[in-house]
Each structure stands twice: as C-alpha cells, then as structure tokens.
Amino acid sequence: MFRSRLLLVLIRIALEPLLLTLTSHRSFGFSTNSTPAAANVIEASKQLAAYTAVDQHIKPEHTSKELIVNAGLTLGDVDQISAIDVTIDGADEVDKNLNSIKGGGACHLREKVVAEAASTFIVVADYRKNAEFLGTNWAPGVPVEVVPFAYVKVLRDLKALGSPHPVLRMAVKKAGPIVTDNGNFVIDAPFGREDMLDPAAVLTKIKLLTGVVEVGLFCNIVTAAYFGNADGSVSIRKADGIVEELAPSSS
C-alpha cells in the first residue's frame with residue numbers, strides 16, 4: 001500500500017509542472033502491464049490528457065484498457081497519434097546520467113517506441129532503482145529481444161562482446177522461454193562495470209548484431225527521473241544535471 005501511494009505521489013509531482021507548458025489538447029503515453037501501476041498513472045492523468053497513448057502490449061483483456069476508458073480518456077495507440085507530449089514509465093535501474101535498463105517485463109521494444117515518440121520521457125521508480133552505474137542493483141543484465149531462430153547465434157555474439165554468461169530467459173508459469181508480445185525471445189546479458197561505464201556504446205554494439213530486435217538500454221532519452229525513498233521523500237534527477245530533494249508529503 002505504501003509503495004502504491006508513493007507511486008501516485010511521484011507521478012503527480014512529475015506531471016504537475018508540465019501542465020504549464022502543454023496545450024489544452026494533450027497526449028499522454030505510458031507503458032505498463034501492471035494494473036496497480038496503470039491505475040496510478042491514469043488517476044494522476046485524468047485532467048492532463050485528451051488522448052492517452054498506450055503501447056500495444058496492453059491487450060484488450062488487460063484491465064488497463066478498461067481503466068483508461070472508464071476514466072473518460074480517449075484510448076489511442078502510438079501509430080494513431082501524431083505526437084505524444086509526455087510518456088511516463090518505470091525502470092529496472094537508472095544510472096547517474098539517466099541511462100536506464102528496462103525489459104524486466106519483456107516489453108522494452110514497445111516501451112522504447114512510446115518513450116522515443118514523446119517530447120518528454122519521465123521515469124518514476126523507488127530508491128532501489130537509483131544507482132550510480134547500471135548493473136549495480138539489477139543483476140540479470142541487459143534484456144535483449146531476439147528473433148527465435150537466431151537466439152543461439154546471438155548468445156555466442158554476446159559472449160564475444162564481453163558478456164560473461166548471457167542466458168535465454170525462461171518462463172515461470174509455463175514450459176519454455178519467455179515469448180514477447182512480438183513473438184520473440186529475450187536474452188539477459190550481464191556486462192561488467194567497465195562496459196557499463198558507457199551503456200550507449202554497449203547498446204550500439206548489441207543493436208548491430210544480426211538477429212537482435214531491440215535492446216533494453218534506454219540511453220539519452222530520459223528527461224527526468226523521480227525516485228521515491230523509503231522515508232517518503234522524493235529524489236529528482238534531471239537531464240540538465242539538476243538534482244532536487246523533496247521532503248515527505250503530508251497528504
């Protein structure tokens with residue numbers, strides 16, 4: 001319950017200043033297949049958006065779609081909206097330069113499309129995701145979406161790039177590997193600290209491998225990150241280098 005309330009506070013803190021710069025016709029993107037997270041985003045955005053852009057992994061059977069419609073927002077998709085004003089999403093880890101790892105839920109391709117389509121991309125997360133370097137707290141490594149017939153070849157390629165033990169991600173509630181909404185597999189490829197000092201270079205090297213569809217490294221696209229701390233305070237890190245600390249909310 002505390003984390004849910006804190007997430008809602010983070011989202012509101014992140015979005016309120018943006019209202020001053022957005023027009024009356026606003027588009028708002030978010031990427032989540034978590035119903036509680038979706039509910040928090042929608043609750044915070046009811047008065048913010050004429051349209052809500054959602055990535056395509058929110059399927060009709062997901063409660064998220066019903067929440068959007070019931071909130072009175074117009075449900076859209078990234079290919080239906082000319083421009084997204086703001087996209088808000090979580091992250092598995094964020095470094096001091098706002099590079100982030102996403103893909104723990106195997107949706108990083110669609111999440112990256114929605115993020116890159118937005119003028120402003122905001123990350124909200126709890127303090128455990130706040131790190132100086134990527135790979136500090138997120139142990140599985142860099143999520144890499146690959147076409148199924150090439151996964152063995154890509155595993156070899158990732159080892160050649162310096163990943164000590166890339167692994168094909170396996171499903172938990174069914175036999176076999178995780179299959180993304182795009183029909184692909186996901187490889188988790190950890191890299192050492194030296195490599196992760198320059199995650200953009202790692203991203204480029206992996207993306208150039210034949211068989212790779214998308215990489216769960218989001219580099220140079222985050223506008224600001226809002227971290228909820230254990231005491232209820234909020235740490236804000238912005239792309240221009242500004243760092244702010246907000247005291248716990250009394251509400």
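For reference, positions follow the sequence shown, starting with 1.
- Phe121 CZ to Ile88 CD1: the interatomic distance, rounded to the nearest 0.5 Å, is 9.5 Å.
- The residues Glu244 and Lys238 are annotated as salt-bridged, a charged nitrogen and a carboxylate oxygen being separated by less than 4.0 angstrom.
- Within the model, atoms OG of Ser235 and CG of Leu246 stand 8.0 Å from one another, a figure rounded to the nearest 0.5 Å.
- Leu203 contributes atom CG, which lies 9.0 Å from atom CG of Leu208 (distance to the nearest 0.5 angstrom).
- When all heavy atoms are compared, the tightest approach of Leu98 to Ala225 is CD2-CB, 3.7 Å.
- Val167 and Phe191 are assigned to two separate hydrophobic clusters, defined by single-linkage of ILVMFWY side chains at heavy-atom distances under 4.5 Å.
- Atom NZ of Lys159 sits in a sparse spot, with 12 or fewer heavy atoms from other residues, nucleotides or ligands closer than 6.0 Å.
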As a quick check of understanding, evaluate side chain to side chain contact (heavy atoms under 4.5 Å, CB included) for Asn137 and Arg128, giving each step before the final call. CA-CA 7 Å; Asn137 301 319; Arg128 297 171 300 176; 5.7 Å; no
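- A side-chain donor-acceptor contact under 3.5 Å links Arg237 to the backbone of Asp95.
- Taking each heavy atom of Asp181 and Cys107 in turn, the nearest pair found is OD2-SG, 4.5 Å.
- Both Val152 and Val154 belong to a common hydrophobic cluster when Ile, Leu, Val, Met, Phe, Trp and Tyr are linked at side-chain heavy-atom distances under 4.5 angstrom.
- The cationic group of Lys129 does not satisfy the cation-pi geometry with Phe227, failing either the under 6.0 Å distance to the six-membered ring centre or the 45° limit from the ring axis.
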Check step by step if side chain to side chain contact (heavy atoms under 4.5 Å, CB included) holds for Leu217 and Lys207. CA-CA 10 Å; Leu217 286 170; Lys207 194 69 181 284; over 6 Å; no
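- Two residues are said to be in side-chain contact when any heavy atoms from C-beta on lie closer than 4.5 Å; Ser100 and Val222 meet this criterion.
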Check step by step if side chain to side chain contact (heavy atoms under 4.5 Å, CB included) holds for Asn229 and Val234. CA-CA 6 Å; Asn229 300 313; Val234 176; 5.7 Å; no
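- The two residues Ile221 and Ala115 make their nearest non-hydrogen contact at CD1-CB, 4.2 Å.
- For Asp92 and Lys102, the salt-bridge test fails: no basic side-chain N is under 4.0 Å from an acidic carboxylate O.
- Follow the hydrophobic side-chain contacts under 4.5 Å out from Ile206 and you never reach Leu197; the two are in separate clusters.
- Atom CZ of Phe133 sits about 11.5 Å away from atom CG of Asn99, to the nearest 0.5 Å.
- Between Arg169 and Ile187, the closest side-chain pair of non-hydrogen atoms is not below 4.5 Å.
- Between Pro164 and Pro190, the shortest heavy-atom distance links the atoms CD-O, 3.2 Å.
- Two residues are said to be in side-chain contact when any heavy atoms from C-beta on lie closer than 4.5 Å; Thr210 and Lys153 meet this criterion.
- Rounding to the nearest 0.5 angstrom, the gap separating the CD atom in Glu214 from the NZ atom in Lys112 is 4.0 Å.
- The line from CD of Glu93 to CD of Glu132 is 11.5 Å long, rounded to the nearest 0.5 Å.
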Does Thr120 form a side chain to side chain contact (heavy atoms under 4.5 Å, CB included) with Ile122? I'd like the steps, not just the answer. CA-CA 6 Å; Thr120 299; Ile122 302 293; 3.7 Å; yes
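- Taken together through direct or relayed side-chain contacts under 4.5 Å among Ile, Leu, Val, Met, Phe, Trp and Tyr, Leu168 and Leu109 form parts of separate hydrophobic clusters.
- Taking each heavy atom of Met170 and Gly176 in turn, the nearest pair found is CE-C, 3.4 Å.
- Here Tyr151 pairs with Phe185 under the ring pair (Phe, Tyr, Trp, His ring centres under 6.0 Å) rule; sequence neighbours left out.
- Taking 4.5 Å as the limit, every side-chain heavy atom of Asn184 sits out of range of all side-chain heavy atoms of Val146.
- Hydrophobic cluster membership is shared by Trp138 and Val142, with clusters built from Ile, Leu, Val, Met, Phe, Trp and Tyr side chains linked at under 4.5 angstrom.
- For the pair Ile236 and Glu245, the minimum side-chain heavy-atom distance is 4.5 Å or more.
- The two residues Pro148 and Gly183 have their closest heavy-atom pair at CG-O, 3.5 Å.
- The shortest side-chain heavy-atom distance between Val94 and Asn130 does not fall under the 4.5 Å cut-off.
- Taking 4.5 Å as the limit, every side-chain heavy atom of His108 sits out of range of all side-chain heavy atoms of Val215.
- Inter-residue side-chain proximity for Val144 and Val186 is flagged as unmet; no heavy-atom pair is nearer than 4.5 Å.
- No donor-acceptor pair closer than 3.5 Å links the side chain of Ser163 to the backbone N or O of Leu158.
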